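Structure record follows, encoded as structure tokens.
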Amino acid sequence: MPHLSREPLDPGALLEAARRDGDGGLALFVGVVRDNNDGRRVTEMEYEAYEPMAEAEMERIEAELAGRFPVVRVLLRHRIGRLRIGEVAVVVAASAPHRDEAFAACRAGIEEIKARVPVWKRERGPDGSVWVDPGAPLG
Amino acid sequence: MPHLSREPLDPGALLEAARRDGDGGLALFVGVVRDNNDGRRVTEMEYEAYEPMAEAEMERIEAELAGRFPVVRVLLRHRIGRLRIGEVAVVVAASAPHRDEAFAACRAGIEEIKARVPVWKRERGPDGSVWVDPGAPLG
Amino acid sequence: MKVRILFFASLRDELGDSRSVEAVEALPGETTVAALREAVAALSPAAARLGRRLLVAVNERYATDGDPVRPGDSVAFLPPLAGG
Amino acid sequence: MKVRILFFASLRDELGDSRSVEAVEALPGETTVAALREAVAALSPAAARLGRRLLVAVNERYATDGDPVRPGDSVAFLPPLAGG
């Protein structure tokens with residue numbers, strides 16, 4: 001199943017895909033493009049990936065989360081391409097019998113994506129464009 | 001805005017309703033009917049509410065969460081009526097500039113609903129029907 | 001004094017949607033949540049068994065034992081909640 | 001030995017999609033991630049500035065300095081990630 005998509009992501013559909021009939025608690029994280037970053041106005045965000053590795057890494061994260069949270073089914077998706085404000089860049093859907101595990105696995109899913117999946121974004125705004133570096137040293 | 005609904009809830013639409021253009025992190029909790037409870041098979045769950053108070057209590061929770069989490073917009077919805085397995089009973093949508101606050105407010109939202117909103121559910125299955133009492137003393 | 005009380009879920013199955021209940025006055029034309037708790041426990045073994053797990057709302061807000069209840073108030077007895 | 005290296009994001013803007021880079025052999029027909037790091041830092045001031053914040057993947061898995069690189073391996077230099 002492809003984890004990277006050039007087409008718009010559908011968070012509700014992913015949540016339903018994660019659900020099994022024994023599940024009662026579903027947690028979802030959705031990352032969207034916002035209209036500002038580090039005090040700069042943003043009009044568009046362009047995502048790119050090292051595609052085969054990003055696919056493989058998201059599969060590995062899903063497999064690891066299945067080991068850490070055996071009662072949860074977690075599904076991950078990342079969008080690539082040019083996104084406007086409010087468009088969905090990333091979705092983590094976690095479905096479990098109860099809410100504790102769903103929240104924990106959902107949170108772990110987005111943290112792992114941010115730490116490991118080779119995706120970059122170029123921010124565009126009135127002042128030009130810049131590659132976003134969330135961990136850049138200040139100053 | 002009515003927080004109680006006899007019609008099916010749409011989690012994705014609620015999440016989009018919570019989003020503002022400055023938000024980048026959206027967290028959602030969805031409670032659905034599962035096919036078992038306390039070891040009994042469940043085929044249907046019937047939700048009822050003390051409707052005017054449930055409405056008022058959900059409004060009060062939203063207002064309190066706006067105070068506790070000023071950067072987050074939280075929206076709450078609860079379904080009433082007869083629901084089949086997998087149907088959505090409750091939705092908490094939390095939208096924030098960043099994910100930490102979105103997750104925290106979303107979690108707080110579902111905890112407050114469970115603790116305070118006057119809603120009950122009658123479980124139906126092959127062995128008959130019973131009012132669910134999550135806090136019943138064992139034995 | 002007489003107070004009409006709303007019931008829900010398991011209590012409604014037993015007692016109906018609502019009942020008019022006689023409660024001891026604390027002041028003229030005023031009773032308390034505690035007095036209504038006693039009256040309802042006398043009416044229903046299930047309510048008596050739930051004891052403090054039975055919540056009381058006056059005018060759509062949670063109320064505690066000392067809170068006053070006056071004619072015209074909307075009083076509800078709420079079995080343990082099961083929302084979500 | 002020659003190794004083809006893939007670049008992304010800011011590094012790709014500077015160096016192109018990929019380049020063939022000359023790296024010191026550690027064993028016959030084998031170099032290391034560390035040797036490739038040195039070669040890339042020599043090629044690009046931006047890469048040198050990123051230092052340890054530049055991640056390296058060999059065959060689509062993260063690699064550390066001591067890891068071997070052989071002909072045919074797919075080697076990528078990854079600027080700080082910004083997914084999500």
Side-chain angles (χ1 to χ4, degrees), chain A residues 3-5 9 29-34 37-38 42 45-61 64 76-80 83 88-92 106-123 128-137, chain D residues 3-21 31-34 36-37 39-41 43-84:
Chain A
H3 296 76
L4 280 178
S5 168
L9 298 173
F29 177 78
V30 176
V32 302
V33 177
R34 55 198 174 97
N37 192 32
D38 279 342
V42 175
M45 202 65 95
E46 189 175 346
Y47 286 82
E48 72 166 58
Y50 175 18
E51 298 190 21
M53 181 172 170
E55 276 291 350
E57 203 67 22
M58 284 198 279
E59 267 181 39
R60 288 192 281 264
I61 293 169
E64 289 170 21
L76 312 176
R77 294 291 183 273
H78 208 298
R79 175 97 183 268
I80 50 180
L83 276 68
V88 175
V90 64
V91 183
V92 178
C106 183
R107 184 66 200 246
I110 185 60
E111 299 307 326
E112 292 296 319
I113 287 175
K114 289 194 172 259
R116 296 166 49 182
V117 178
V119 171
W120 300 272
K121 55 192 172 196
R122 191 203 295 266
E123 170 193 320
S129 85
V130 59
W131 288 102
V132 176
D133 180 356
Chain D
V3 176
R4 181 153 288 271
I5 296 180
L6 306 173
F7 298 110
F8 296 91
S10 56
L11 279 188
R12 194 204 48 224
D13 284 355
E14 187 190 350
L15 300 171
D17 282 348
S18 71
R19 284 214 192 178
S20 191
V21 165
T31 183
T32 61
V33 167
L36 291 172
R37 280 187 177 278
V40 169
L43 205 65
S44 151
R49 218 163 26 240
L50 282 169
R52 310 297 314 170
R53 301 186 64 230
L54 198 54
L55 303 171
V56 180
V58 177
N59 298 328
E60 296 156 19
R61 286 184 179 270
Y62 289 106
T64 53
D65 279 6
D67 287 346
V69 176
R70 300 184 187 90
D73 284 341
S74 138
V75 182
F77 273 62
L78 314 177
L81 308 183

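Computed from a predicted structure; not experimentally measured. Below, chain A is the first sequence line, B the second, and so on; all start at residue 1.
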Step through the atoms of chain D and chain A and list each donor-acceptor pair whose separation is under 3.5 Å.
residue	atom	partner	partner atom	Å
Ala9(D)	N	Glu48(A)	OE2	3.0
Arg12(D)	NH1	Glu48(A)	OE1	2.5
Arg12(D)	NH1	Glu48(A)	OE2	3.0
Arg12(D)	NH2	Glu48(A)	OE1	3.0
Asp13(D)	OD1	Arg122(A)	NH2	3.4
Asp13(D)	OD2	Arg122(A)	NH1	3.3
Asp13(D)	OD2	Trp131(A)	NE1	2.7
Arg53(D)	NH1	Asp133(A)	OD2	3.0
Arg53(D)	NH2	Asp133(A)	OD1	2.8
Arg53(D)	NH2	Asp133(A)	OD2	3.4
Arg53(D)	NH2	Gly135(A)	O	3.1
Glu60(D)	O	Arg60(A)	NH2	2.7
Tyr62(D)	OH	Arg116(A)	O	2.4
Ser74(D)	OG	Tyr50(A)	OH	3.2
Pro79(D)	O	Trp120(A)	NE1	2.9
Pro80(D)	O	Trp120(A)	NE1	3.4
Ala82(D)	N	Val119(A)	O	2.8
Gly83(D)	N	Val119(A)	O	3.4
Gly84(D)	N	His78(A)	NE2	2.8
Gly84(D)	O	Tyr47(A)	OH	3.4
Gly84(D)	O	Lys121(A)	NZ	3.2

- Which heavy atom of Val90(A) sits nearest a heavy atom of Gly84(D), and at what distance? CG1-CA, 3.5 Å

- Taking all non-hydrogen atoms of both residues, which atom of Val117(A) and which atom of Leu81(D) are closest, and how far apart? O-CD1, 3.5 Å

- With chain D, which of Pro52(A), Ala89(A), Ala54(A) has the greatest number of heavy-atom pairs at distances under 4.5 Å? Pro52(A)

- Does any heavy atom of chain A fall under 4.5 Å from the side chain of Leu6(D), the backbone, both, or neither of them? side chain

- Item | Partner residues of Arg19(D) under the salt bridge (Lys or Arg N to Asp or Glu O under 4.0 Å) criterion, sequence neighbours left out | none

- Could you tell me which of Ala9(D), Pro79(D), Pro80(D) has the largest number of non-hydrogen atom pairs under 4.5 Å with chain A? Ala9(D)

